[in-house]
Amino acid sequence: MKDLRLYNTLNRRIEDFTSIVPQKVGMYICGPTVYGPPHLGHVRGPIVFDVFRRLLMQQGYQVRFVRNITDVGHLVGDADEGEDKLQKQARLEQIEPMEVAQTYTDAYNWAMDALNVLRPSIEPKASGHIIEQIEMIQSIIDANLAYQVNGSVYFDVEAYQKEHHYGTLSGRVLDDLIAGSASRELEGQSEKRSAHDFALWKHALPEHIMQWSSPWGKGFPGWHIECSAMSAKYLGLEFDIHGGGMDLLFPHHECEIAQSTAAHKHNPARYWMHHNMITINGQKMAKSLNNGIQVSALFNGDHHLLSRGFGPNTLRFFVLQAHYRSTLDFSEVALEGSEKGLKRLLESFKKLESIVPEKESNVDIEAVEKAIDAALSDDLNTPIAIAQFFELAKFINLAIDKKAALNVQDLEKISNLITVYFQGILGLQTEVEAHSDILDEVMDILITLRSEAKTDKNYALSDAIRNRLKEKGVELMDSKEGTTWKHN
RNA sequence: GGUCGGAUGGCCGAGCGGCUAGGCACAGGUCUGCAAAACCUUUUACACCGGUUCGAAUCCGGUUCCGACCUCCA
């Protein structure tokens, strides 16, 4: 095991990572609520935690990676009169709520596959764990830390605060929260004893399609309980890492800690990791701001901020070029920059095998490897790791121009770094998209004809071929090794 | 209003007491019939005002601006 260091939100500092069980890591990541198509905001967490998971695996850990699908429970609008998000969408579309959930679960996983995010070890659905949630709620009631009102159950934050500490993760002080919300409390009647109590179980009105029987009547689980119940079921009462977006830090994760502590007497996770948000023009993407970009739109360019599409590999690279705890500002210009940089890397990687090794070496590949390794182990510093691959690209390009000398060992090491780190951990593809075979053959004919025209100094013809192809979006590029082409 | 975080060159984005981040763009060069592409080289920086220090983008205090959370969110 290597010296892995992580920023732990719980203590607000970078700490050495050690797993509870040697060689094994359990991690739980908050997954999507499947009531809409995946958008850019959904993409960062999965990519970041995917890289982290791959890093752990490469370091020799056996990882159980759990990422849930939320298909029940979140409310729209005020807690008191909210209806289930999934139900609302279903009514609009005139289909079953579970059909909505399935559609968007599939869409989400389609996006994840495209982005080369490994599928979770376990992908539990909230709707499939109603019993576990009910049991957990009952434990909290038994501990006198929850109360029933009209068929709903609420977590009693103030009672909890007497024995424990509410706010360990977010640093919130309950008294401040109560004081700060005094003005809001007047809006609407609440069955809650305190504004900061949160629902564990919500009574369902007859028109709610998604509802289950419980000791408290028909209803559905509250906002936060599913993650606590499912993480405990699959990872144990205390597990290694719990991750999610910073927007979930409060109240979601704070509530999880309170629930688990109340029911299981345990803070569920030892390390809490939070990735930052993707912003557009400095503002985060959010439902309420209506500034999201769907993943499919990113790929096909069907969005007013985009003039064309960008591939999933580019998107993944773009995300990893920033540290996960910084905000990442999205724009087409920034994406283009990433795309070009990535292309530079991939082009150099392709040239690797054509390098004739020298006897002596005048580059230090080992230093690069150490730098990559150190960067990733230092709180997952992917931008530094990527910068090192640009060093390698420079070495490769210089070697081709005979301005640097790489020996056999160097070439092997570089190849290994690409396989293990670039592909294996960063999860980036090195394949440039393939063309169809017949098109390749046709292009070969055109390129040969043009080449013959050039040999005859018939530049009118050779330029005509090049220009007319360009009109169709096919660009020819001459080089010493011959002519290559690309289609935009 | 409360809590927390951030302000780095034209843009994105690392660094967080001394040592080039990196990418994109720009510029110069190589190659080329020309062009494009590719490759090489390379300029510009740490919001503002004080302080600590031999030395600060990096630490401390203040100022200004921005963002996140406190409400569904990845």
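Per chain, numbering begins at 1; letters A, B, ... match sequence-line order.
Between rC24(B) and Arg344(A), a contact under 4.0 Å exists linking OP1 or OP2 to a side-chain N or O. Residue Lys394(A) places no side-chain N or O under 4.0 Å from the OP1 or OP2 atom of rG22(B). Here Asn397(A) reaches the OP1 or OP2 of rC40(B): one of its side-chain N or O atoms lies under 4.0 Å away.
In this structure, of rG22(B), rA36(B), rC69(B), it is rA36(B) that holds the atom nearest to the side chain of Met477(A). Nearest to the side-chain atoms of Asp478(A) among the listed nucleotides rA37(B), rC70(B), rC34(B) stands rC34(B).
Residues satisfying the side-chain contact (heavy atoms from CB on, under 4.5 Å) criterion with Glu158(A), sequence neighbours excluded, are Asp156(A), Leu174(A), Ile178(A), Ser194(A).
Nucleic acid contact for Tyr459(A): base, since at least one base atom lies under 4.0 Å from a heavy atom of the residue. Arg44(A) comes within contact range of no nucleotide atom at all, as no heavy-atom separation falls under 4.0 Å. Within 4.0 Å of Ile278(A), counting heavy atoms only, lies at least one base atom of the nucleic acid. Lys340(A) comes within 4.0 angstrom of sugar-phosphate atoms only, judged by non-hydrogen atoms across all strands, and of no base.
Annotation: proximity of residues 463-471 of chain A to RNA chain B (heavy atom, distance under 4.0 Å) is found for Asp463(A), Arg466(A), numbered in ascending order.
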Practice problem: Return one dot-bracket line describing RNA chain B 5' to 3' (Watson-Crick or G-U wobble pairs, both distances under 3.5 Å; ( ) same strand, [ ] crossing, | another strand, . none). | Solution: (((((((..(((.....[...)))..((((.......)))).....(((((..]....))))))))))))....

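Across the protein-nucleic acid pair, Glu339(A) atom CD and rA25(B) atom P stand 11 Å apart, rounded to whole Å.
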Exercise. Give the intermediate values and the outcome of side chain to side chain contact (heavy atoms under 4.5 Å, CB included) for residues Val117(A) and Phe49(A).
Key: CA-CA 9 Å; Val117(A) 171; Phe49(A) 292 117; over 6 Å; no

Quiz prompt | Sequence-aligned protein contact record of nucleotides 7-12 of chain B, with B where the base is within under 4.0 Å of a protein heavy atom and S where only the sugar-phosphate is | solution = -----S

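In terms of position along RNA chain B, the nucleotide closest to Leu476(A) lies nearer the 5' end than the nucleotide closest to the other residue of the pair Leu476(A) and Pro46(A).
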I'd like a list of close polar pairs between nucleotides 15-20 of chain B and the protein, N/O only, cut-off under 3.5 Å.
| from | atom 1 | to | atom 2 | distance (Å) |
| --- | --- | --- | --- | --- |
| rG15(B) | OP1 | Asn381(A) | ND2 | 3.0 |

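Here ring-ring contact (aromatic ring centres under 6.0 Å, His included) pairs that include residues 362-396 of chain A, with residues two or more places apart or in two chains, are Phe389(A)-Phe422(A).
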